[in-house]
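Residue numbers begin at 1 in each chain, while the letters A, B, ... track the order of the sequences. The model shown is predicted, which means the values in this text are computed figures rather than measured ones.
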Number of protein chains: 2
Amino acid sequence: MDVTGHTSSGNHRGPGQEPRKAASIRDVAEAAGVSYQTVSRVLNGHPNVREVTRNRVEAAIETLGFRRNATAFALASGVTRSVTVLTSNTTLYGYAATLQGLEEAASAAGYSLGVKVLTPEDDLDRTISSAAAGGGGLMVIGFDRLGASALRRVPADVPCAAVVEAPPHGRRPPRPAVWADDREAARAATAYLLQLGHQTVHYVAIPTSVGTRRSEGPRAQGWRKALEEAGITPPEPHGGKGWDAQAGYDEGEQLARDPGVTAILCGNDELALGVLRALHHAGRSVPGDVSVIGFDDAPHAGFVTPALSTVRMDFQGLGRDAFALLRGQLESDYQPPARTFAGTDLVIRESSGVTDV
Amino acid sequence: MDVTGHTSSGNHRGPGQEPRKAASIRDVAEAAGVSYQTVSRVLNGHPNVREVTRNRVEAAIETLGFRRNATAFALASGVTRSVTVLTSNTTLYGYAATLQGLEEAASAAGYSLGVKVLTPEDDLDRTISSAAAGGGGLMVIGFDRLGASALRRVPADVPCAAVVEAPPHGRRPPRPAVWADDREAARAATAYLLQLGHQTVHYVAIPTSVGTRRSEGPRAQGWRKALEEAGITPPEPHGGKGWDAQAGYDEGEQLARDPGVTAILCGNDELALGVLRALHHAGRSVPGDVSVIGFDDAPHAGFVTPALSTVRMDFQGLGRDAFALLRGQLESDYQPPARTFAGTDLVIRESSGVTDV
DNA sequence: GGAGCTTGTGTGACCGGTCACATCCATGCC
DNA sequence: GGCATGGATGTGACCGGTCACACAAGCTCC
């Protein structure tokens, strides 16, 4: 079945009507019989305008359908109130949720939000430069290599804040940034699985922002640390090439073949879903034969069967905090809250349990 | 477990360095020993500039770290090349995918993209007005009531295009718009279920952009039509209050209690996931006892168990086409492609099957 | 050798707002 | 009555670019 859709592309402009230019404050001024400066005063709510004058101007604004030109305003006043988000992805849950937090915060502060999706093909420097030319600040979602390298390339004179993967101990990101402690979260999740009685825990990695080895991301580090603390030699991590369920399925097929695999930590819930599916196909029950824990707590995680145990992340909080950090650079009198955001949270559902072995 | 995160908010400005203003073309001109106009010519690749002069200017641009002020450019040239998307949601699959298509198209055409999330609380007219003040066009995602009413309120002189629910037969949306024929898609999906041997098909609705009755959306209409064509009186539709899995679960619990329910069409995949979960809890097997079909083909639909049969929608194509429609209004010499986009596609996986009855 | 064209470059006005300052007028006060 | 005060309004410059046009120098051509 392939049903074609429709498009309605009517030119919704009357036949005789000219696409006449938008009214400026001077047009309004003329219509109201005042100077353009008075119109400006009315627009900005300046107190020293007589009641009658104000009314006359407001009437003129109404009849002419005047809207203040934001471009001219920005140029003349030097106030931009806009930020652009640089991200390599907008649909994956972690990114989308961060973006949402960013948007909420920006909107609440009266900022407009631009979004620029980074692709490996385009010239990063050019992209950044044109995004920065807008005048406002830059926000970078640096969960992956593309985002991280974009962050590194932002010129020093451009206001910028980022949300990133937890940086290696003692190392600071190139710009003001916020992050969640997913290293510790991964450690705790792994420790929990060991405590359940599993001999070891396998890891299916997400791509990471740092290095090329898939074992280097903070989640992988936390997993490794938990194993080492328990005196277990970490097995070779899987994955690291993709974020989606298909990637998880591919890795899951391999893992399912190994009877020694009884516990799997996944870098995100999509991967976990794929792993779950592969285990199901291989006839291995979850959590009976294998425990699986995801990461991020995507909206559907609790509704698949078996319901996915996972680590909840406060992506929206991350977005909000990162925006506050940027705002602190943009407005000299704004003090970004120093609070650390709400952290991570291990949520146990059905996909993890005591091993049968 | 509650691990707090960190924020690194260092002021990455050296102690002695002034936050000195960005260089303008006149600064560059002075540094290169030419007039500002010559700098402008170099920036715009004007041919009539001597090789040596060009090099000198480019060197000055490099040393001063000059970036052309996009605001001033927009004001002076009258070219904006930016569009703002008005949407009530950014994370739900259909919205996110549409947004992605929009962004791709905008980016490819050299436009920057703004996003403004609509909430029931904020003043629509004010929001629209401030979004339109940017100068560029407006794109509205009108899948729901909020989006649809925003679309209706966009002033006639503001360039605008939308992606909407399929409008009622013969009716046109208030602005140039694109849509998928989900009415027909729902009809086909329902007909397929009937053909499998089900006596009737129940419907769990998504909220819709039109009217208040949950039966009025195009998907509901298609479902109803298929039943009527088969001489079956449509049962009362369920849902219509939410988009997410929890809403689906709530409706699924009710449906699970009714042994007469053997086939369920859901307004989206999230709802279907919730329904699946509720059926599972009630001990009714899918597709053995009940067939379930979703809508949208979200990324995880194929990886849940049982894999979800669903209707694939080309949201990205919708986004691209809507952008082309807007671009046609913004650039007088740009002719939007008249092609109808790729349509919907019923994808059968595991959650639908022949009834046991 | 000057008219006429092309090439390279500079000047002034303008886009649509804001800001600093000047002006006009009505008060209040001594 | 003279003067400081302050409210209401207007004027000119400016933000950082672009555009239209002027103009000088070099070249061709008759």
Please check: side-chain N/O of Arg54(B) versus main-chain N/O of Arg41(B), any donor-acceptor pairing under 3.5 Å? no
Minimum-distance nucleotide (side-chain atoms of Thr38(A) versus dG12(C), dT9(C), dG10(D)): dG10(D)
Asn44(A) atom CG is separated from dC19(C) atom P, nearest whole Å, by 7 Å
Pair Glu165(B)-Arg145(B), salt bridge (Lys or Arg N to Asp or Glu O under 4.0 Å): steps then yes or no: CA-CA 10 Å; Glu165(B) 282 193 319; Arg145(B) 306 201 66 199; over 6 Å; no
Measuring from the side chain of Ser24(B) (C-beta onward, heavy atoms only), which nucleotide among dT18(C), dG16(D), dT18(D) has the closest atom? dG16(D)
What is the distance from CZ of Arg68(B) to C1' of dT18(D), rounded to the nearest Å? 10 Å
For dT9(D) and Thr53(A) - does any side-chain N or O of the residue sit under 4.0 Å from the phosphate oxygens OP1/OP2? yes
Protein-nucleotide distance (Arg56(B), atom CZ; dG8(C), atom C1'), rounded to Å: 12 Å
Could you state the CG-P distance from Asn55(B) to dG8(C), rounded to the nearest angstrom? 13 Å
Which nucleotide in the list dT11(D), dG10(D), dT18(D) gets nearest to the side chain of Ser77(B)? dT18(D)
Between Leu43(A) and Glu51(B), who's closer to the 5' end of DNA chain C by nearest nucleotide? Glu51(B)
Looking at dT18(C), dG8(C), dG17(D), which one has an atom nearest to any side-chain atom of Ala72(B)? dG17(D)
From the list dT9(C), dT9(D), dT18(D), which nucleotide is the closest neighbour of the side chain of Arg41(B)? dT9(C)
Distance below 4.0 Å between Ser40(B) side-chain N/O and dT18(D) OP1 or OP2: yes
Indicate yes or no for a side-chain donor-acceptor contact from Gln329(B) to the backbone of Cys160(B) under 3.5 Å, with no hydrogens or angles considered. yes
Side chain of Asn48(B), heavy atoms from C-beta onward: which of dG17(C), dA20(C), dT7(C) has the nearest atom to it? dT7(C)
What is the distance from CZ of Arg50(B) to P of dA25(D), rounded to the nearest Å? 13 Å
Within the side chain of Asp144(A), is there an N or O that forms a donor-acceptor pair under 3.5 Å with the backbone of Leu146(A)? yes
Rounded to the Å, how far apart are Phe66(A) CZ and dG16(C) P? 10 Å
Return whichever of Val49(B) or Arg26(A) has its heavy-atom-nearest nucleotide of DNA chain C closer to the 5' end. Val49(B)
Does any N or O in the side chain of Thr80(B) come within less than 3.5 Å of the main-chain N or O of Ser82(B), such that one atom is a donor and the other an acceptor? no
Output the rounded distance in Å from CD1 (Ile25(B)) to C1' (dC14(C)). 13 Å
If you check the Gln37(B) side chain, which of dT11(C), dA20(C), dC15(D) turns out closest? dT11(C)
Please give, in whole Å, the distance from dC15(C) P to Asn69(B) CG? 18 Å
Heavy-atom nearest nucleotide on DNA chain D taken for Tyr36(A) and for Leu75(B); more 5' hit belongs to Tyr36(A)
